[in-house]
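So the structure is just underneath, and the comments pick up after that.
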There are 2 protein chains.
Amino acid sequence: MSQLPTLRQLQFLIALSEHGSFSRAAEAVFVTQPTLSAAIKELEMTLGTVLVERGARGAVLTHAGEAVLERAQRVMAEAEDLVIAAQAAGEPLSGPFRLGVIPTIAPFLLPKVLPTLRIKHPKLEVFLREDLTERLFDGLRERRLDAALVALPYESPLIETKSIWSDEFLFACTPDHPLAGSKTLDPSRLENEPLLLLEDGHCLRDHALAACSTGTARSDFAATSLHTLVHMVKSGLGATLLPRMAVDAGLVDQMGLEVMPFDPPVAGREIGVAWRKGSARAEEALQLGEAIRESLTGSGSAGEATG
Amino acid sequence: MSQLPTLRQLQFLIALSEHGSFSRAAEAVFVTQPTLSAAIKELEMTLGTVLVERGARGAVLTHAGEAVLERAQRVMAEAEDLVIAAQAAGEPLSGPFRLGVIPTIAPFLLPKVLPTLRIKHPKLEVFLREDLTERLFDGLRERRLDAALVALPYESPLIETKSIWSDEFLFACTPDHPLAGSKTLDPSRLENEPLLLLEDGHCLRDHALAACSTGTARSDFAATSLHTLVHMVKSGLGATLLPRMAVDAGLVDQMGLEVMPFDPPVAGREIGVAWRKGSARAEEALQLGEAIRESLTGSGSAGEATG
DNA sequence: GCGAAGCCATAGCTATTATCTATGGCATCA
DNA sequence: TGATGCCATAGATAATAGCTATGGCTTCGC
């Protein structure tokens with residue numbers, strides 16, 4: 001087998017391509033120009049190909065250089081992943097962990113979960129980012145996030161998910177609403193009932209609509225958050241569906257609204273954890289999901305994971 | 001950023017996992033046991049994790065070790081690919097090249113193409129493997145092949161293809177066949193005509209059936225090669241479709257068979273080149289396809305690529 | 001039990017090589 | 001036509017990858 005290049009050499013090549021000059025690239029990787037020069041030469045030697053065109057005004061990669069660069073970047077990324085995976089495997093749920101959460105989960109789940117997490121995994125440093133599912137998934141794919149808490153199902157390429165919690169939908173309306181007063185509610189009674197929902201982009205909107213296929217969304221009003229949504233309900237603009245998690249967290253306390261569950265089979269959404277396929281922290285993402293489930297069960301809320 | 005491990009260290013770890021003992025692994029990579037021992041220790045140091053459980057009867061990877069191993073293998077494979085890609089980019093179409101060809105193409109295309117290829121790319125060493133499409137694609141995926149010549153369309157995961165040639169189908173029958181004697185043939189006249197075809201697994205069988213949707217395959221007889229197929233036609237067992245490439249190569253010479261083209265739009269199959277997605281020699285596979293197309297055009301045969 | 005054998009770790013030395021400083025040649029540009 | 005900026009080369013040095021020799025620790029077989 002032919003001799004392999006060094007990760008160091010690949011790193012140098014990447015720096016060279018980024019800075020377009022031996023001297024500046026050398027500076028960027030904290031070595032002197034002759035060092036980088038020699039390393040690139042050595043790399044060209046082991047590969048048997050000229051990778052760089054040296055000119056008086058800097059260096060440009062040859063065609064072969066571009067081809068090697070592309071793969072070098074992959075190799076380096078994989079190697080860095082390996083380091084992260086090793087640390088994660090050696091001591092799971094420790095160190096910085098970038099977690100994305102959708103806005104219809106974050107304000108209700110996190111206050112309950114983070115304190116427990118802090119106690120159980122004191123070395124874990126959770127960096128939170130709140131955003132819509134698709135943007136969180138972009139973050140996972142681009143390695144800006146390690147995991148995300150989202151509502152399932154939500155298919156997306158290169159993303160893997162695992163459900164950790166079932167979040168039941170509750171019907172919320174003003175006391176003078178025709179459906180007010182009942183203990184439980186049959187979804188069919190929502191027929192032609194105009195529902196207030198979150199604005200487009202929030203997956204809760206779609207899941208709520210899917211949960212009661214008979215209901216229709218009011219197209220003239222949409223809320224930007226669950227908090228504004230309940231205020232709109234209170235002002236008499238219509239009824240809505242709320243996740244039990246939000247209600248349990250006190251979303252409608254002292255609002256004077258009627259809140260009632262649906263008849264079984266209960267409609268709802270799955271809350272799950274998501275990670276990039278092949279991520280170095282995939283295992284940790286699963287463990288985090290498990291930890292969150294446990295912390296929810298421990299504090300005695302409703303819900304049960306399915307898969 | 002944390003320090004990266006060395007490719008050498010990863011190679012040692014892989015050897016260690018394969019041999020289950022420091023001493024034997026060291027032997028396998030041609031270093032002494034203390035060298036490998038120190039390297040693994042250094043690797044554990046940079047990763048901050050114990051990767052190996054040392055016992056009196058050998059060494060076993062820890063959980064973290066297994067996780068790292070998996071990624072180490074990926075990194076090494078990528079690095080080796082980089083070397084190959086560099087050589088390929090530096091001097092395309094040179095060195096050993098493992099080419100798969102399906103049986104209905106190989107005997108007719110290769111005698112025409114290989115001599116030209118040898119002249120145009122004298123440093124290229126083509127290693128041929130003849131097999132059915134699916135097995136060739138397996139070979140591509142498992143990196144046992146660099147490219148394959150197959151009939152398209154043929155979808156398969158992780159495989160990319162490019163058409164290089166159109167191979168028209170011709171109708172072949174005995175002189176006493178009802179359809180014998182015509183200059184060209186309308187496909188609809190094959191209705192209820194029992195056709196002799198290759199046995200299952202040959203894509204030519206499927207493509208021929210697709211080409212004349214009206215014809216039906218004789219289910220009691222199937223041939224194992226185009227040569228036996230024409231002999232079966234000659235013995236009066238039925239008519240068949242043959243690729244023009246095979247006819248041009250003399251498949252039915254001195255057989256006393258009638259061979260006629262179809263009316264336009266002419267039915268046929270696309271011959272193309274296939275390679276593994278992301279292969280280090282993807283570019284060369286394309287160039288090889290181009291070279292084959294040129295060599296076919298140069299020798300003045302029929303056909304034209306579409307894309 | 002008690003050597004023998006096998007395994008890994010350590011110590012000390014050596015060869016290699018990665019890197020540095022100093023310098024030279026060669027373009028480009030004011 | 002210097003001045004400037006760029007890369008290559010030379011020589012010295014520090015870092016390290018590798019080797020030999022050896023020791024401690026199990027695990028067998030007797």
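All heavy atoms count here, side chains included; hydrogens, waters and symmetry mates do not. The chains referred to below are lettered A, B, ... by the order of the sequence lines, with proteins before strands, and numbering in each begins at 1.
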Output the rounded distance in Å from [atom1] ([X]) to [atom2] ([N]).
{"X": "B:Gln11", "N": "D:dA17", "atom1": "CD", "atom2": "P", "value": "14 Å"}
{"X": "A:Leu16", "N": "D:dC6", "atom1": "CG", "atom2": "P", "value": "13 Å"}
{"X": "B:Ile40", "N": "C:dA9", "atom1": "CD1", "atom2": "P", "value": "10 Å"}
{"X": "B:His19", "N": "C:dC8", "atom1": "NE2", "atom2": "C1'", "value": "17 Å"}

When you check the phosphate oxygens OP1 and OP2 of [N], does a side-chain N or O of [X] lie under 4.0 Å from one of them?
{"X": "A:Lys41", "N": "D:dT9", "result": "yes"}
{"X": "B:Ser37", "N": "C:dT10", "result": "no"}
{"X": "A:Ser23", "N": "D:dC7", "result": "yes"}

Kindly write out the residues that satisfy ring pair (Phe, Tyr, Trp, His ring centres under 6.0 Å) with A:Phe137, not counting sequence neighbours, or none if the list is empty.
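Applying ring pair (Phe, Tyr, Trp, His ring centres under 6.0 Å) to A:Phe137 gives A:Tyr154.
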Could you work out, with salt bridge (charged side-chain N to carboxylate O under 4.0 Å, His left out) as the rule, every residue matching [X], not counting sequence neighbours?
{"X": "B:Arg129", "value": "B:Asp131"}
{"X": "A:Glu283", "value": "none"}
{"X": "A:Arg24", "value": "none"}
{"X": "A:Glu290", "value": "A:Arg293"}

Short heteroatom pairs, N/O only, protein and nucleotides 18-23 of chain C, under 3.5 Å:
unit_1, atom_1, unit_2, atom_2, d
C:dT19, OP1, A:Arg8, NH1, 2.1
C:dC20, OP2, A:Thr32, N, 2.7
C:dC20, OP2, A:Thr32, OG1, 2.8
C:dC20, OP2, A:Thr35, OG1, 2.6

Under the side chain to side chain contact (heavy atoms under 4.5 Å, CB included) test, residues paired with A:Glu91 that sit two or more places apart
A:Ser94, A:Lys123
Set of residues satisfying side chain to side chain contact (heavy atoms under 4.5 Å, CB included) with respect to A:Glu155, sequence neighbours excluded:
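Applying side chain to side chain contact (heavy atoms under 4.5 Å, CB included) to A:Glu155 gives none.
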Can you spot which of A:Leu124, A:Leu149, A:Asp146, A:Ile164 makes a side chain to side chain contact (heavy atoms under 4.5 Å, CB included) with A:Leu288?
A:Leu124
Please, what dot-bracket string fits DNA chain C when only Watson-Crick and G-U pairs with both distances under 3.5 Å count, crossing ones use [ ] and pairs to another strand use |?
||||||||||||||||||||||||||||||
Quick one, A:Val31 with A:Arg8, criterion side chain to side chain contact (heavy atoms under 4.5 Å, CB included). Give me CA distance, side-chain angles, the key distance, then yes/no.
CA-CA 11 Å; A:Val31 295; A:Arg8 198 98 222 271; 4.2 Å; yes
Hey, are B:Asp138 and B:Arg135 close enough for a salt bridge, meaning a charged N less than 4.0 Å from a carboxylate O?
no
Between B:Thr49 (side chain only) and B:Leu51 (backbone N and O only), is there a donor and an acceptor less than 3.5 Å apart?
no
Quick one: does B:Glu44's side chain have a donor or acceptor within less than 3.5 Å of a partner on B:Val52's backbone?
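Between the backbone of B:Val52 and the side chain of B:Glu44 there is a qualifying donor-acceptor contact (under 3.5 Å).
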Give me each pair satisfying ring-ring contact (aromatic ring centres under 6.0 Å, His included) with a member in residues 27-47 of chain B, each pair once, sequence neighbours excluded.
none
Using a cut-off of under 3.5 Å, enumerate the N/O to N/O pairs linking the protein to nucleotides 2-4 of chain D.
none

If you take any heavy atom closer than 4.0 Å to DNA chain D, which residues from residues 43-58 of chain B end up in contact?
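Contacts with DNA chain D under 4.0 Å: B:Ala56, B:Arg57.
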